[in-house]
Amino acid sequence: MLADRRSRNRRRTNQALLVLVPLAVATGVHANTIGTDWWLDPATVHGLVAAAVVILTPWKAPIVQRGLGRRRPGRGTSVLLLVAVASTVTSGLAHAATGVSRLGPLTTMQVHIGSGLTALILVVAHYRLHPVPVRRIDLERRSFMSAGLLGAAATGVYVAWEGTLTALGAARRRFTGSHERGSFDPTAMPVTSWLDDDVQRISADAWTLTIDGSRLTFDDLRALPADDITATLDCTSAWYSTQVWSAIPLDQLVDTNRRSIEVRSITGYIRTFPTRDLDHLWLAIGVGGQSLSAGHGFPARIVAPDRRGFWWVKWVTSIKSTDRPWWWQVPFPTT
């Protein structure tokens, strides 16, 4: 009887983690890419799922210990999975509690996302080696009650965690999970670029902007009427900064009768926007009453409120109208 109960508990624990780890990755990716606040913040959902994973640790630990004590295929995969999950949880807690931006040579988010994706791959590999098929007993009322209790416990842990951070005066996070950095002070705003893009140092005299075949110099661009736009740049490196940008509405520069707008950086980095968004896209030439710095995109960059930082193309050299659908591009640039 006791052996059967232990067996059921092991099955439920493994099945729960088989659901929770992919769900944690999915909610994390969603929180790391969304730009618009929803009625339920994705970072909150991600935190609840993470709390559930942590709660299951005491039940999973004996299973891991038992498995490591036997010679069987996939033991190395199990160890790597344990390390990946621990790394994911640790880096996530470090970011949430302290806003620490780097762990050694990598950013905290690089460690967190990389570990999470690695854990997902290892979960699939682990399940293939040690499948846990759903049985009739797994669909009994007791299993659903256990799931409900786990959800309630995860909610309690998450609320207590957030309450503790608030009581300790920890920095508040945006709905994306990002921490504030240098708002209304461009010199304090972090400088980051997508993957392998280095900071470009461009001479204003040598730079030109091509717009549907026409060329504008930097002086031509500065002669155009610009608006002061207060917008928040929310980077996937988990920081955000609200600034006042001196920017030209993009719908004054390009043909609005085409399907999409392709924006290209001098580095070759490209993002394509739907034409319907033109009325809230800008080409910035300044920030905080000053010219853009090289790190922040001089001579010109895109300002795209409600989109994450990788849409805010820097060092823009080309803007082109196209009939290619805006969604015909990888969700995340690969370079």
Side-chain angles (χ1 to χ4, degrees), residues 16-56 81 84-85 87-97 99 101 106-124 147 150-151 154-155 157-159 161-162 165 171-181 192 194-195 231-242 271-274 276-277 280 304-313 325-334:
L17 289 172
L18 183 62
V19 172
L20 289 172
V21 171
L23 186 58
V25 172
T27 55
V29 169
H30 184 44
N32 199 241
T33 56
I34 191 172
T36 304
D37 197 3
W38 290 11
W39 66 274
L40 182 60
D41 296 342
T44 299
V45 179
H46 184 62
L48 290 170
V49 175
V53 172
V54 172
I55 288 170
L56 287 175
L81 176 57
V85 171
S87 175
T88 305
V89 172
T90 301
S91 57
L93 292 176
H95 165 71
S101 60
L106 301 175
T107 68
T108 307
M109 281 297 102
Q110 286 173 333
V111 173
H112 187 64
I113 295 172
S115 299
L117 293 175
T118 301
L120 178 60
I121 295 170
L122 292 172
V123 161
V124 174
L150 176 61
T155 301
V157 168
Y158 181 78
V159 170
W161 167 261
E162 291 295 319
L165 292 183
R172 295 192 63 181
R173 304 186 302 282
R174 202 166 184 246
F175 62 87
T176 58
S178 296
H179 289 267
E180 189 274 332
R181 295 286 185 272
T192 57
W194 188 257
L195 297 181
T232 299
L233 170 56
D234 194 333
C235 182
T236 52
S237 295
W239 59 266
Y240 75 90
S241 188
T242 303
R271 285 279 87 190
T272 302
F273 299 84
R276 66 172 180 268
D277 285 356
H280 49 279
D306 298 330
R307 289 181 181 268
R308 295 303 290 271
F310 63 89
W311 290 92
W312 295 50
V313 184
W326 72 270
W327 44 263
W328 193 253
Q329 62 184 331
V330 290
F332 299 98
T334 55

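The shortest distance between side-chain heavy atoms of Met109 and Ser178 does not fall below 4.5 Å. At least one side-chain heavy atom of Val157 sits less than 4.5 Å from a side-chain heavy atom of Ile55. Counting heavy atoms from C-beta on, the side chains of Glu180 and Arg174 never come closer than 4.5 Å. Side-chain contact between Trp327 and Thr272 is absent, with no heavy atoms from C-beta onward closer than 4.5 Å.
In terms of the salt bridge (charged side-chain N to carboxylate O under 4.0 Å, His left out) criterion, Arg276 has no residue partners (sequence neighbours excluded). With sequence neighbours excluded, no residue forms a side-chain hydrogen bond (donor to acceptor under 3.5 Å, both in side chains) with Thr236. Every residue meeting the side chain to side chain contact (heavy atoms under 4.5 Å, CB included) condition with Ser91, not counting sequence neighbours, appears here in chain and number order: Leu103, Thr108, Val111, His112. For Trp312, the ring-ring contact (aromatic ring centres under 6.0 Å, His included) partners are Trp245, not counting sequence neighbours. Residues satisfying the salt bridge (charged side-chain N to carboxylate O under 4.0 Å, His left out) criterion with Arg307, sequence neighbours excluded, are Asp277.
The backbone N or O of Cys235 sits less than 3.5 Å from a side-chain atom of Arg308, completing a donor-acceptor pair.
Rounding to the nearest 0.5 angstrom, the gap separating the CG atom in Leu93 from the OG1 atom in Thr88 is 10.5 Å.
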Side-chain donor/acceptor pairs under 3.5 Å, residues 35-51, sequence neighbours excluded:
| unit_1 | atom_1 | unit_2 | atom_2 | d |
| --- | --- | --- | --- | --- |
| His46 | ND1 | Ala24 | O | 3.0 |
| His46 | ND1 | Thr27 | OG1 | 3.1 |
| His46 | ND1 | Gly28 | N | 3.3 |

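Between Trp326 and Trp311, the angle of the ring planes lies from 30° to 60°, which puts this pair in the tilted group.
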